[in-house]
Structure formats: C-alpha cells, structure tokens
Amino acid sequence: MNYWLMKSEPNAFSIDDLKKMPQQTEHWDGVRNYQARNMMRDAMKIGDQVFFYHSNCETPGIVGLMEVVREGYPDHTAFDPQGKYFDPKSNPEMPRWFMVDIKYLRHTRRVIPLSELKEQGALENMPLVRKGNRLSIMPVSQEEWDYILRIEG
DNA sequence: GCCAACGTTGGC
DNA sequence: GCCAACGTTGGC
C-alpha cells in the first residue's frame, strides 16, 4: 500500500465538503499539473491512504485521512467548454488530465499545522515543507506517514 | 532549444 | 494583499 498527500483549498473544497458527499466519496478533479496527473493516472491504487491537506487558508495543515476508491480515469471537467477546468487540448479520445476517486475516512484529532510539520527533522524530505513547493499531490513515505500519525496525539 | 514574460500557487 | 517560487508559453 502507498501513502499520499493531497492539497485542497477549503474555500473551494474542504474535508467537511468531502464528508457530506454521497458515500463520502468524490472525484478529485481539476488538477492541471503533469507531475500530479502522472501520480493519479499511474501510481495511486485502490486502498492507498491519503492525507487531506488544507492550503491557502488561515491555518494550512493536515486535517484528515482519505482512501483511494477508484484508480485513475479521465477528468471529464477538461471537456466542458463552460467549465472552469476546460482544456481545449484534452478530449475523450486523447484525455490529457486524469483523476481518482477519494473516500473520507476520518478527521485527524486536530489540525496538524504546516508550521509544526516544518519543525520536524524527520519530515525534512517531504516536498510539502520545502520552500516554494507547489505540488498539489505528493507521495508520503511509510516512515513519514507513521511519524505524522504519532504527532497527531 | 533558449529564455523572458506571464500566470498561478500558496505561505505569510 | 504581497511576493517568492515555480511551470508554461511563445518569440527568436
């Protein structure tokens, strides 16, 4: 099993929004970055565990746990000329963008803020804590995953 | 293929 | 709201 971290702006889609979805499941659409696309298309597997991270908000940090319930398939929001995620270079015959389905598992017992994650030497290799990082989906090692759940308290 | 200009991300 | 970092675009 693999571990991941996915960012979302709570103003746009928060962990509470995910929890309220039917089956507490939603497709992770709108990702328009090739590295992140490749991870969803090729690497994320059913049963993989995922940290939900809130970005661009008052206290950026890890807020919950999720699970991959459907593996990579074309992001149809790229096909809708009226939608904000429309990409004329993507079409159903040759989809450029992919997404996975994600299911809510639980909130963390507290928000684990970015500021605290940055203080942990054990996490210094996470892209998340590195300066200027903008990856919205990233792999998390087993060691990092376990460590974060330990400091969750 | 280089690189300047531009747009976006996201912490602060 | 500011701005640094980064990815993408497009002229050459």
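In what follows, chains carry the letters A, B, and so on, assigned in the order in which the sequence lines appear, proteins first and then strands, with residues in each chain numbered from 1. Heavy atoms only: backbone and side chains are in, while hydrogens, waters and symmetry mates are out.
Atom P of nucleotide C:dG7 and atom CH2 of A:Trp97 are separated by 13 Å, given to the nearest angstrom.
For residues 63-85 of chain A, the set of pairs meeting the ring pair (Phe, Tyr, Trp, His ring centres under 6.0 Å) definition, not counting sequence neighbours, comprises A:His27-A:His76. Residues in residues 43-62 of chain A take part in these side-chain hydrogen bond (donor to acceptor under 3.5 Å, both in side chains) pairs, two or more places apart or across chains: A:Trp4-A:Asp48, A:Glu9-A:Asn56.
A salt bridge links A:Arg110 with A:Glu116: the closest approach of a Lys/Arg side-chain nitrogen to an acidic carboxylate oxygen falls below 4.0 angstrom. Between A:Glu143 and A:Arg150 no salt bridge is recorded (no basic side-chain N to carboxylate O distance below 4.0 Å). Taking 4.0 Å as the cut-off between side-chain N and carboxylate O, A:Arg32 and A:Asp75 count as a salt-bridged pair. Under a 4.0 Å N-O distance rule, the pair A:Lys103/A:Glu67 does not qualify as a salt bridge.
Enclosure of atom CD in A:Gln142 by more than 12 non-hydrogen atoms of other residues, nucleotides or ligands within 6.0 angstrom is indicated.
Separation of the A:Trp97 and A:Tyr34 ring centroids falls under the 6.0 Å cut-off.
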Apply side chain to side chain donor-acceptor pair (under 3.5 Å) to residues A:Ser14 and A:Asp17 and explain how you reach the verdict.
CA-CA 5 Å; A:Ser14 72; A:Asp17 295 328; 3.2 Å; yes
Would you tabulate the pairs of protein nitrogen or oxygen atoms and nucleotide nitrogen or oxygen atoms of nucleotides 9-12 of chain B closer than 3.5 angstrom?
| unit_1 | atom_1 | unit_2 | atom_2 | d |
| --- | --- | --- | --- | --- |
| B:dG10 | OP1 | A:Lys7 | NZ | 3.1 |
| B:dG10 | OP1 | A:Arg134 | O | 3.1 |
| B:dG10 | N7 | A:Asn56 | ND2 | 3.4 |
| B:dG11 | OP1 | A:Tyr53 | OH | 2.7 |
| B:dG11 | OP2 | A:Asn56 | N | 2.8 |
| B:dC12 | OP1 | A:Lys118 | NZ | 3.0 |

What nitrogen or oxygen pairs link the protein and nucleotides 4-6 of chain B at under 3.5 Å?
none

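Using a 4.0 Å heavy-atom cutoff across all strands shown, A:Lys89 reaches sugar-phosphate atoms only and no base atom.
A heavy atom closer than 4.0 Å to some atom of DNA chain B occurs in no member of residues 31-43 of chain A.
By the ring-ring contact (aromatic ring centres under 6.0 Å, His included) test, A:Tyr104 is found to be paired with A:His107, residues two or more places apart in sequence or in another chain being considered.
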